[in-house]
Amino acid sequence: MQARSAPSSLPSSRYSRSSLYSIYTVLLKEYGMQGWWPLLAHQGMNPTKTGSITGYHPGDYSFPKNEQQRFEICIGAILTQNTSWVQVEKALKALNQLNALTIEGMAKLSLQRLKIAIKPAGYFNQKAKKIREFVVFFTYLDGRTPSREELLSVWGVGPETADSILLYAYHVPSFVVDAYTRRILSHLRLIEETASYNDIKAMMEQALPQEVVVYQEYHALLVEHAKQQYSKKPYSQDILLSRIHR
DNA sequence: AACCAGGACGTGA
DNA sequence: TCACGTCATGGT
């Protein structure tokens, strides 16, 4: 680790830290448990989630239940880069039809068929390459949990994808920062717009209990809240603003 | 008909 | 380090 200067762009007062936790409790009361990461098919799936047909499992944190589901989460994390989950779901279903949501099946799939299958998720040339790179890495892991640095060394895996894989596929408490997180926290003036990914991640992890369930739900709740209130500009008066004092 | 969607990478200051 | 262009399909 190299020495780093303190991020001047972040408020570090007690007020902002407690605000970050109260945001979580407010969102949880408002929207309920989110049941991420969505999986194609499993027992007890919940079909009533915004923007998706099936796959969520609120209150059940026992996923993934096997290596295949773990693999599916990883592939979904790559496919959802800058793409809505509805589109990713189409791609995942197409892959599943080809028996390519297993490591063995994916390894057999031709590049051309892979590209066609994931086309709905966009960037199919890049994402096909990313998936193939990840398959090599996943095989190399041989069931071991990767470190964040290992994940980041894989071509096509950036900070958010790495943290999503750690948090949802491996239950490692690593907070996921996405565009919605930055948008909401910035609008609430809890961060500067220019705050870096790692700055925001560090702030969240310092403010919250370092628990997988909290990180999973918080991230998913921010996404749900953003879909409700931050999809189109100008952003309206956030319901959180009147409720995060203390 | 622009604009956005659960980003990452390559490039040149 | 960082700002900017590129990648691509499909919703609203």
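Labels below follow one simple rule: chain letters A, B, ... track the order of the sequence lines, proteins then strands, and each chain is numbered from 1.
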Positions of residues 74-81 of chain A (non-hydrogen atom under 4.0 Å from DNA chain B), listed by number: A:Thr80, A:Gln81
Near-strand residues of residues 150-159 of chain A, defined as heavy-atom separation under 4.0 angstrom from DNA chain B: A:Val154, A:Trp155, A:Gly156, A:Val157, A:Gly158, A:Pro159
Do the side-chain N and O atoms of [X] and [Y] include a donor-acceptor pair separated by under 3.5 angstrom?
{"X": "A:Asp60", "Y": "A:Ser62", "result": "yes"}
{"X": "A:Glu224", "Y": "A:Gln228", "result": "yes"}
{"X": "A:Thr83", "Y": "A:Lys127", "result": "yes"}

Geometric class of the A:Tyr56/A:Trp36 ring pair [parallel <30°, tilted 30-60°, perpendicular >60°]: tilted
Whether A:Tyr218 and A:Phe175 hold their rings parallel, tilted or perpendicular, with breakpoints at 30° and 60°: perpendicular
Give a yes/no answer on whether the side chain of [X] brings an N or O atom under 4.0 Å of OP1 or OP2 in [N].
{"X": "A:Arg182", "N": "B:dG7", "result": "no"}
{"X": "A:Lys90", "N": "C:dG11", "result": "yes"}
{"X": "A:Thr83", "N": "B:dG6", "result": "no"}

Pair pattern of DNA chain B in dot-bracket, where unpaired bases get dots and | marks partners in another strand, Watson-Crick or G-U under 3.5 angstrom: .|.||.|||||||
Ring centre gap for A:Tyr24 and A:Tyr21 strictly below 6.0 Å: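 They qualify: ring centres under 6.0 Å apart.
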Close approaches to DNA chain C from residues 110-138 of chain A, in residue order (heavy atom, under 4.0 Å): A:Lys119, A:Pro120, A:Gly122, A:Tyr123, A:Phe124, A:Asn125, A:Gln126
Does any N or O in the side chain of [X] come within less than 3.5 Å of the main-chain N or O of [Y], such that one atom is a donor and the other an acceptor?
{"X": "A:Gln216", "Y": "A:Leu167", "value": "yes"}
{"X": "A:Glu150", "Y": "A:Ser147", "value": "yes"}
{"X": "A:Glu217", "Y": "A:Gln34", "value": "yes"}
{"X": "A:Arg182", "Y": "A:Ile191", "value": "no"}

Stacked pair A:Trp36-B:dG6, distance under 5.5 Å, angle under 30°: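 Ring-base stacking flag set for A:Trp36 and B:dG6.
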A:Trp85-B:dG6 aromatic stacking (under 5.5 Å, under 30°):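 Yes.
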B:dG12: syn or anti, per glycosidic angle within 90° of 0: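 Anti conformation for B:dG12.
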Over 12 foreign heavy atoms within 6.0 Å of CD, A:Glu193: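 No, the 6.0 Å shell around CD holds no more than 12 heavy atoms from other groups.
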Sugar-phosphate, base or nothing in reach of A:Thr161, heavy atoms under 4.0 Å: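 Sugar-phosphate: the residue A:Thr161, judged by heavy atoms under 4.0 Å, touches backbone atoms but no base.
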Value in whole Å for how far the [atom2] atom of [N] lies from [atom1] of [X]:
{"X": "A:Lys227", "N": "C:dG11", "atom1": "NZ", "atom2": "P", "answer": "15 Å"}
{"X": "A:Ile165", "N": "B:dG6", "atom1": "CD1", "atom2": "C1'", "answer": "13 Å"}
{"X": "A:Gln87", "N": "C:dC7", "atom1": "CD", "atom2": "C1'", "answer": "16 Å"}
{"X": "A:Asn82", "N": "C:dG11", "atom1": "CG", "atom2": "P", "answer": "16 Å"}
{"X": "A:Tyr197", "N": "C:dA3", "atom1": "OH", "atom2": "C1'", "answer": "20 Å"}
{"X": "A:Glu193", "N": "C:dC2", "atom1": "CD", "atom2": "C1'", "answer": "16 Å"}

Inter- and intrachain pairs under side-chain hydrogen bond (donor to acceptor under 3.5 Å, both in side chains), touching residues 109-121 of chain A, at least two apart: A:Lys115-A:Asn125
Please give the distance between the [atom1] atoms of [N] and [M] as a whole number of Å.
{"N": "B:dG10", "M": "C:dA8", "atom1": "P", "answer": "14 Å"}
{"N": "C:dC2", "M": "B:dG6", "atom1": "C1'", "answer": "24 Å"}
{"N": "C:dC7", "M": "B:dA1", "atom1": "P", "answer": "23 Å"}

Contacts of type salt bridge (charged side-chain N to carboxylate O under 4.0 Å, His left out), residue A:Glu30, not counting sequence neighbours: A:Arg243
A:Ala179, nearest nucleotide to its side chain (from B:dA5, B:dG7, B:dG6):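 When the side chain of A:Ala179 is considered, B:dG7 is the closest of B:dA5, B:dG7, B:dG6.
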Passing candidate, side-chain hydrogen bond (donor to acceptor under 3.5 Å, both in side chains) with A:His225, options A:Tyr180, A:Tyr31, A:Tyr230: A:Tyr31
Minimum side-chain heavy-atom gap A:Gln81-A:Glu160 below 4.5 Å: no
B:dG6 base / A:Tyr230 side chain donor-acceptor hit below 3.5 Å: no
